[in-house]
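What follows is a set of notes on a single structure, which appears directly below.
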Protein chains: 2
Amino acid sequence: MREAILDAAEELFSANGFRAVSMREIAQASGANLGSISYHFGSKDGLLRAIYERHSGPMNRRRGELLSEAQRIRDPDDRLAAIVRAFILPSFSESEGTEGGGARFARLRAVVMAERHEEAQKIIAETFNPINHAFIDALQACLPHLPRADIVWRTHFLLGAVNYTLINPWRVTRLSNGDAKGENAEEALTQIVQAAVAAFRAPACADAPR
Amino acid sequence: MREAILDAAEELFSANGFRAVSMREIAQASGANLGSISYHFGSKDGLLRAIYERHSGPMNRRRGELLSEAQRIRDPDDRLAAIVRAFILPSFSESEGTEGGGARFARLRAVVMAERHEEAQKIIAETFNPINHAFIDALQACLPHLPRADIVWRTHFLLGAVNYTLINPWRVTRLSNGDAKGENAEEALTQIVQAAVAAFRAPACADAPR
DNA sequence: TCCGAATTTGGACGACTGTACAAATGCTAG
DNA sequence: CTAGCATTTGTACAGTCGTCCAAATTCGGA
């Protein structure tokens, strides 16, 4: 039952946000009793924490593997693209870790992050800061001329683009009159990698003419 | 009093999200009575709509001016940078329209957008689609070789980067150990323009090698 | 089979939510 | 001054919320 609750909660949170979903909705969707959720997770925050704990391990392991795989590439240009891809791939892949949906968990993180929920902010920082720094280091190695601050800014933008796409997949579809398909993970991935690599290759901000 | 309520609601919504803020908090923060809010705006959704109506006019007029100003630039490269700047400048400028805070309203939009609130989604689409298309057209004129779908994708990423920065200004500060300052609007603006211009100049995705 | 631990159940709790409305007040035009 | 409209006030309502708990149930090992 514990797993069913986690599944349902994850699905509902990722679709509607943390605050908007009630414990009773989760209970109904999972077929569990309201009290059972309290029994297993103590509180609503505890439930959220459990969701994070279920995913963060496998996800970060996966990202670590992809990163070190990418770092083995000799050519710096190819390497840069591979690192960017490794950085965001798990957020778009359907199956990951425990069960079907690294994308679902990524969408959950994006939505919860936007809600500025204190507990979540803390969990996210704890869980993702180390691996984020590893990626920044890898990018710095590809772009030795670039100040670290600029790299941080651009990874930040990259994450923002990913999150925005995950939160509103249909937006790009509607804005292009169906020409671009935002719900297509493959297309989103190639588009974002293409754009991000170019952004990383841009000259440093300090060097830019005003 | 009406104005005070709008001010307080805007501040609270932009800081904590729509659902997380109660009518009573708004009443207390604005010094108004709970019933007065219902009297002036009918409902909580009505209040949100009033906030949008207060800002969207001046903001879109401003963006339109900045856009046509940018479009007068001859050199396509300079023009591209100017258009990108015009696209996002109102989201970072402190004073705009009625009173102090285009940034506040932009943050509100970002937060509310992430909450997937139906009413808000509708208002945003109505209000911002036309001007968004105008910007896409202007970008297309700078980049005639690029498929329109790619341009839509990249403006989408641009918006995601802007929103993410507005929602979590401190993130980039913490991630760079204070080297980059996310709360500094000036710095954020130059960094994002630099990155976005490079992204727009990237070759089309269809032409990219796999 | 039976005991004890783990889990599920249904209901209750107080706190909080958005909304509605009559009564009181403020204010302006005649 | 006063009639009439605009606004504010206080309160009540019907729900929903997260949390808690005693009783009932399930289940695995001795």
Side-chain angles (χ1 to χ4, degrees), chain A residues 1-54 98-99 108 111-123, chain B residues 1-54 98-99 108 111-123:
Chain A
M1 200 76 267
R2 220 188 102 102
E3 292 298 308
I5 295 171
L6 282 173
D7 286 345
E10 203 177 301
E11 177 61 33
L12 287 170
F13 285 157
S14 75
N16 305 105
F18 181 73
R19 273 188 258 256
V21 176
S22 70
M23 301 285 263
R24 286 166 177 82
E25 286 181 72
I26 298 169
Q28 183 161 16
S30 64
N33 186 280
L34 177 59
S36 284
I37 306 181
S38 288
Y39 171 74
H40 283 291
F41 307 102
S43 66
K44 199 180 177 186
D45 281 354
L47 175 55
L48 185 65
R49 187 173 276 276
I51 292 176
Y52 272 85
E53 280 166 2
R54 179 162 75 149
T98 20
E99 33 58 79
L108 184 147
V111 172
V112 167
M113 177 78 113
E115 285 191 63
R116 301 159 149 265
H117 192 275
E118 190 114 11
E119 178 79 355
Q121 299 275 0
K122 209 162 50 185
I123 302 173
Chain B
M1 201 77 267
R2 217 188 104 104
E3 292 298 307
I5 295 171
L6 282 173
D7 286 344
E10 202 177 303
E11 178 60 34
L12 287 171
F13 286 158
S14 75
N16 305 105
F18 181 72
R19 273 188 257 256
V21 177
S22 71
M23 301 285 265
R24 284 166 178 82
E25 286 181 72
I26 298 169
Q28 182 160 18
S30 64
N33 186 281
L34 177 60
S36 285
I37 307 181
S38 289
Y39 171 73
H40 283 291
F41 307 103
S43 67
K44 199 181 178 186
D45 281 355
L47 175 56
L48 185 66
R49 186 174 277 276
I51 292 175
Y52 272 86
E53 281 166 1
R54 179 163 74 149
T98 20
E99 34 58 79
L108 184 148
V111 172
V112 167
M113 178 77 114
E115 285 190 63
R116 300 159 151 268
H117 191 273
E118 191 115 10
E119 179 79 354
Q121 301 274 358
K122 209 162 49 184
I123 302 173

When you check the phosphate oxygens OP1 and OP2 of D:dT8, does a side-chain N or O of B:His40 lie under 4.0 Å from one of them?
yes

Are side-chain heavy atoms of A:Phe18 and A:Lys44 found at a separation under 4.5 Å?
yes

Hey, is CD on A:Glu25 packed in by over 12 heavy atoms from elsewhere, all under 6.0 Å?
yes

In whole angstrom, what separates A:Met23's CE from C:dT17's P?
18 Å

From the options D:dA12, C:dT8, D:dG18, select the nucleotide whose nearest atom is closest to the side chain of B:Arg24.
D:dA12

Between D:dG18, C:dT17, D:dC17, which nucleotide has the shortest distance from any of its atoms to the side chain of A:Glu25?
D:dC17

Select one nucleotide: of C:dG18, C:dT17, D:dC20, the one nearest the side-chain heavy atoms of A:Ser38.
D:dC20

A:Lys44 NZ to D:dC20 P, in whole Å, measures 15 Å

Protein-nucleotide distance (B:Phe41, atom CZ; C:dG18, atom P), rounded to Å
15 Å

If you measure from CG on B:Leu47 to CD1 on B:Ile26, what distance do you get to the nearest 0.5 Å?
5.0 Å

C:dT8 phosphate, OP1 or OP2, under 4.0 Å from A:Tyr39 side-chain N/O
no

Touch class at under 4.0 angstrom, heavy-atom based, for A:Ser22 against every strand present
sugar-phosphate

Rounded to whole Å, CG of A:Leu34 lies from P of D:dT19 at a distance of 10 Å

Nearest-Å distance for atom pair CG/P, residues A:Leu48 and D:dG18:
13 Å

Is any NZ, NE, NH1 or NH2 atom of the basic residue among A:Asp45 and A:Lys122 found under 4.0 Å from an Asp or Glu carboxylate oxygen of the other?
no

Where each residue is assigned the nucleotide of DNA chain D containing its nearest heavy atom, which of A:Ala20 and B:Ile5 is assigned the position nearer the 5′ end?
B:Ile5

Would you kindly give the CZ-to-C1' distance between B:Arg19 and C:dC16, to the nearest whole Å?
17 Å

Any side-chain N or O of B:Ser43 less than 4.0 Å from the OP1 or OP2 oxygen of C:dG18?
no

Are OP1 or OP2 of D:dG10 and a side-chain N or O of B:Asn33 less than 4.0 angstrom apart?
yes

Thinking salt bridges, do A:Arg54 and A:Glu10 make one under a 4.0 Å N-O criterion?
yes

Grab the CG-P distance between A:Leu12 and D:dC17 for me, whole Å please.
12 Å

Using atom CD1 of B:Ile37 as one end and atom P of C:dA20 as the other, report the distance to the nearest whole Å.
14 Å

